[in-house]
Structures are given as structure tokens and as C-alpha cells.
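Sequence positions, counted from 1, serve as the residue numbers for this chain. Both backbone and side-chain heavy atoms feed into the values below; hydrogens, waters and symmetry mates do not.
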Amino acid sequence: MLQDMHILAHKSAGPADDDGDTAVVTDVKPKTKRPPLYKVLLLNDDYTPMEFVVHVLERFFGLNHAQAFEIMLTVHKKGLAVVGVFSHEIAETKVTQVMDFARRHQHPLQCTMEKEE
Ligand code: TYC
């Protein structure tokens, strides 16, 4: 998709020029980019109770109980899982909410974010 055309050089007709003016025109791509998305990751640990993790996933990520339980088990078995993909600001808010909630309940649960490829 082309947004604009820019004349980069314009050569006036000179004594050695046989065809008059020559314009060199290049197409320029639009510079608008979609904002990057961020994966929010939940990490496994040996101490946070499974029910607490399920509650976190229901409360902060809008998952139903079955979905939350499934993702909790994935984290438990694999070590980590992506629990959602968001804008930078929303991802940061989710991470802060989870980390604060875990700390308040004295669980070592870790939640981080990572830019999507
Ligand atoms: N591994 C924890 C346990 O056995 C459960 C757990 C699951 C902890 C997911 C953290 O992100 C987590 N109690």
C-alpha cells in the first residue's frame, strides 16, 4: 500500500540532455505501524497452591474455571505458559495486579511480560 510519492531528484535540461527534464520518483511506504503486543507469562514454582493460581487466572484474566484449571496445569507441568496477549499498558497492569495479589497472600508466584515477535 502506497501512501505518498516523493520526488527525490529533479534534473533540469542541460546542454547534454536530450530529453528535457527528468524526475526521479520513488514510492514511499506508509510509516504507520501497529503497536507491538506483549505476552503475559505465568511461571511455575513449588509453593503457590494450585487453587490460588486458578483463582488468579479467573480474577485477572477473565477465564472460566475449566480454562483457568487447564492453564494452571500447563504451567505446573511445563514450567510456564502464556496466559494472554495485550498492549504494553494492559500487559503491565496484569503483571502488577498478579504480583501484588501474590505478594499480599505471601505466595512466590511470578508473572512477567515479553514482547511478541
Ligand atoms: N507447582 C505448584 C504446586 O504444585 C502449582 C503452581 C501452578 C504454581 C502454576 C505456580 O504458576 C503456577 N503447588
Side-chain angles (χ1 to χ4, degrees):
M1 172 175 148
L2 300 173
Q3 183 183 58
D4 205 352
M5 289 172 67
H6 285 187
I7 297 176
L8 289 189
H10 189 274
K11 199 169 69 174
S12 296
D17 218 306
D18 58 349
D19 65 344
D21 289 0
T22 302
V24 178
V25 178
T26 65
D27 296 329
V28 177
K29 275 193 191 168
K31 68 176 163 60
T32 54
K33 287 200 300 240
R34 282 174 289 105
L37 292 173
Y38 290 79
K39 298 181 284 192
V40 171
L41 305 156
L42 204 59
L43 278 57
N44 188 39
D45 66 74
D46 292 338
Y47 307 103
T48 305
M50 290 186 174
E51 320 83 73
F52 183 82
V53 178
V54 171
H55 179 70
V56 162
L57 291 169
E58 291 171 341
R59 180 169 178 145
F60 298 115
F61 296 91
L63 303 179
N64 67 38
H65 193 79
Q67 295 168 330
F69 197 89
E70 191 174 307
I71 291 182
M72 180 281 296
L73 268 192
T74 299
V75 177
H76 177 68
K77 292 184 205 165
K78 307 234 181 198
L80 83 178
V82 175
V83 299
V85 177
F86 308 96
S87 70
H88 187 274
E89 186 174 0
I90 300 294
E92 216 163 51
T93 300
K94 301 284 182 195
V95 169
T96 300
Q97 287 173 332
V98 172
M99 294 300 282
D100 286 354
F101 191 66
R103 193 183 315 105
R104 289 212 308 275
H105 290 83
Q106 300 189 309
H107 294 310
L109 181 64
Q110 295 293 304
C111 185
T112 61
M113 60 193 273
E114 178 180 292
K115 195 173 178 179
E116 241 193 6
E117 300 310 313

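- Placement of V82 and I71 in two distinct hydrophobic clusters is found when ILVMFWY residues are connected by side-chain heavy-atom separations under 4.5 Å, directly or transitively.
- The cluster map of Ile, Leu, Val, Met, Phe, Trp and Tyr, joined by side-chain heavy atoms under 4.5 Å apart, puts L37 and L42 in different clusters.
- Remark: K94 NZ to F86 CZ distance equals 5.0 Å, nearest 0.5 Å.
- Summarising the geometry, atom CG belonging to L80 is positioned 12.5 Å from atom CG belonging to D45; distances are rounded to the nearest 0.5 Å.
- Ring geometry for H88 against Y38 counts as perpendicular: the plane angle is over 60°, on a 0 to 90° scale with 30° as the lower cut.
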Which pairs of donor and acceptor atoms, one on a side chain in residues 56-70, lie under 3.5 Å apart (sequence neighbours left out)?
unit_1 : atom_1 : unit_2 : atom_2 : d
E58    : OE2    : H65    : ND1    : 2.5
N64    : OD1    : A66    : N      : 3.1
N64    : OD1    : Q67    : N      : 2.8
Q67    : OE1    : N64    : N      : 2.9

Go through the steps for V75 and L43 under the test side-chain contact (heavy atoms from CB on, under 4.5 Å), then give the verdict.
CA-CA 6 Å; V75 177; L43 278 57; 5.7 Å; no
Should T96 and M99 be marked as a side-chain contact (heavy atoms from CB on, under 4.5 Å) after you check the CA-CA gap, both sets of side-chain angles, and the distance that decides it?
CA-CA 5 Å; T96 300; M99 294 300 282; 6.0 Å; no
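- No donor-acceptor pair closer than 3.5 Å links the side chain of T74 to the backbone N or O of A81.
- M50 and L41 fall into different hydrophobic clusters, where Ile, Leu, Val, Met, Phe, Trp and Tyr residues are linked whenever their side-chain heavy atoms come under 4.5 Å apart, directly or through other members.
- The heavy-atom pair separating P108 from Y47 by the smallest distance is CG-CB, 3.9 Å.
- To the nearest 0.5 Å, atoms CG (D100) and NE2 (H105) are separated by 12.0 Å.
- Nearest heavy-atom pair, C111 versus V95, reported as atom, atom and distance to 0.1 Å: O-CG1, 3.3 Å.
- A salt bridge does not link E116 with K39: every distance from a Lys NZ or Arg NE/NH1/NH2 to an Asp or Glu carboxylate oxygen is 4.0 Å or more.
- Note that the CZ atom of F101 and the NE2 atom of H107 stand 8.5 Å from one another [nearest 0.5 Å].
- L73 and V40 fall within a single hydrophobic cluster, where Ile, Leu, Val, Met, Phe, Trp and Tyr are joined by side-chain heavy atoms under 4.5 Å apart, directly or via other members.
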Can you check side-chain contact (heavy atoms from CB on, under 4.5 Å) on E51 and M72, steps first, answer last?
CA-CA 9 Å; E51 320 83 73; M72 180 281 296; over 6 Å; no
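- Rounding to the nearest 0.5 angstrom, the gap separating the OG1 atom in T48 from the CD atom in Q110 is 8.5 Å.
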